[in-house]
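One structure is given here, and the rest of the page talks about it.
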Amino acid sequence: QKEVEQNSGPLSVPEGAIASLNCTYSDRGSQSFFWYRQYSGKSPELIMSIYSNGDKEDGRFTAQLNKASQYVSLLIRDSQPSDSATYLCAVNRRQTGANNLFFGTGTRLTVIP
Amino acid sequence: GAVVSQHPSRVICKSGTSVKIECRSLDFQATTMFWYRQFPKKSLMLMATSNEGSKATYEQGVEKDKFLINHASLTLSTLTVTSAHPEDSSFYICSARSGRDVTGELFFGEGSRLTVL
């Protein structure tokens with residue numbers, strides 16, 4: 001079982017719609033959760049971080065975390081063509097003296113004008 | 001937010017040569033930096049964890065003699081691809097965490113695209 005799993009997509013939504021991206025993780029000891037956006041040929045850019053159960057909103061983005069079900073999601077409201085990118089889910093396990101940030105394979109989102 | 005700079009952004013070299021990539025944290029001290037590689041349409045693969053003042057920790061399957069990592073200061077880590085071959089062609093990305101908390105967010109460099117002819 002992979003540490004972090006995402007639907008690779010591609011996910012296509014019309015402009016103005018809500019895009020919903022999902023991610024599940026395997027380790028219940030995971031502490032922090034991140035969504036990164038990566039444009040083709042560029043490095044990842046942090047979009048959202050979430051550490052506790054529930055919703056966290058930042059502009060058009062909402063991250064949702066459910067530790068009991070071991071999933072984290074990202075909602076993008078009023079999707080724009082500029083949101084077209086690959087979205088990477090990353091999960092950090094707390095282990096002493098080590099980085100354990102595991103990335104999913106990413107979901108490619110296309111927003112159709 | 002924290003800024004991580006990576007150089008060069010693109011490099012083309014002949015097979016058998018060595019290539020050095022630099023990763024700098026510009027406005028914070030990074031005791032730990034991380035090196036990833038990414039193949040087209042694939043996710044990031046952690047290669048190694050670079051620790052300031054000590055040896056890097058390599059992930060399973062990554063040759064430490066092939067990918068030399070030096071973290072000489074709190075703001076600079078370097079990755080040297082030694083005796084590069086075409087299969088080493090990839091997108092190499094570094095990242096750094098701005099604090100000691102291992103749960104903190106990572107900031108990524110711009111990436112370095114290596115092409116080995």
Side-chain angles (χ1 to χ4, degrees), chain A residues 2-10 21 23 25 27 29-52 56 58 61 63 65 67 72 85-110, chain B residues 1-7 9-10 21 23 30-52 54-60 69 71 77 90-115:
Chain A
K2 292 181 180 178
E3 292 278 354
V4 181
E5 295 206 50
Q6 291 180 256
N7 188 327
S8 62
L21 305 165
C23 172
Y25 59 94
D27 183 15
S30 300
Q31 295 287 320
S32 47
F33 309 86
F34 308 94
W35 282 100
Y36 288 86
R37 177 176 63 197
Q38 187 177 25
Y39 293 112
S40 181
K42 303 294 183 182
S43 62
E45 170 193 12
L46 182 67
I47 297 296
M48 291 282 285
S49 59
I50 187 166
Y51 302 92
S52 55
K56 179 181 178 182
D58 183 2
F61 299 96
L65 174 62
K67 290 186 177 181
V72 56
T86 296
Y87 289 81
L88 300 171
C89 171
V91 175
N92 196 316
R93 294 162 56 188
R94 178 186 287 274
Q95 289 193 12
T96 303
N99 164 72
N100 281 285
L101 188 66
F102 293 90
F103 284 86
T105 53
T107 299
R108 192 155 59 91
L109 172 66
T110 301
Chain B
V3 178
V4 176
S5 176
Q6 201 172 329
H7 177 82
S9 58
R10 290 180 181 272
I21 301 170
C23 179
T31 55
T32 305
M33 291 184 174
F34 309 96
W35 288 95
Y36 298 82
R37 67 186 298 181
Q38 186 177 36
F39 292 106
K41 298 184 179 181
K42 300 294 183 182
S43 190
L44 300 169
M45 184 192 80
L46 179 65
M47 298 175 64
T49 301
S50 171
N51 303 297
E52 188 267 338
S54 64
K55 292 182 179 180
T57 303
Y58 289 82
E59 295 300 304
Q60 189 174 11
I69 291 173
H71 196 148
S77 175
S90 187
F91 192 47
Y92 292 87
I93 308 174
C94 72
S95 69
R97 183 176 288 120
S98 62
R100 290 187 177 272
D101 184 354
V102 295
T103 62
E105 60 193 67
L106 290 181
F107 298 92
F108 286 86
E110 307 95 329
S112 299
R113 186 164 301 282
L114 170 64
T115 302

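On a predicted model such as this, the values are computed, not experimentally measured, just so you know. Naming: A, B, ... by sequence-line order, numbering from 1 per chain.
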Using 0.5 Å steps for rounding, measure from the [atom1] atom of [X] to the [atom2] atom of [Y].
X: R113(B); Y: K42(A); atom1: CZ; atom2: NZ; value: 9.5 Å
X: Q38(A); Y: F108(B); atom1: CD; atom2: CZ; value: 8.5 Å
X: T86(A); Y: Q38(B); atom1: OG1; atom2: CD; value: 8.5 Å

Mark yes when over 12 heavy atoms from residues, nucleotides or ligands other than K55(B) sit less than 6.0 Å from its NZ; otherwise mark no.
no
Check: V4(B) and S43(A) side chains under 4.5 Å, non-hydrogen atoms:
no
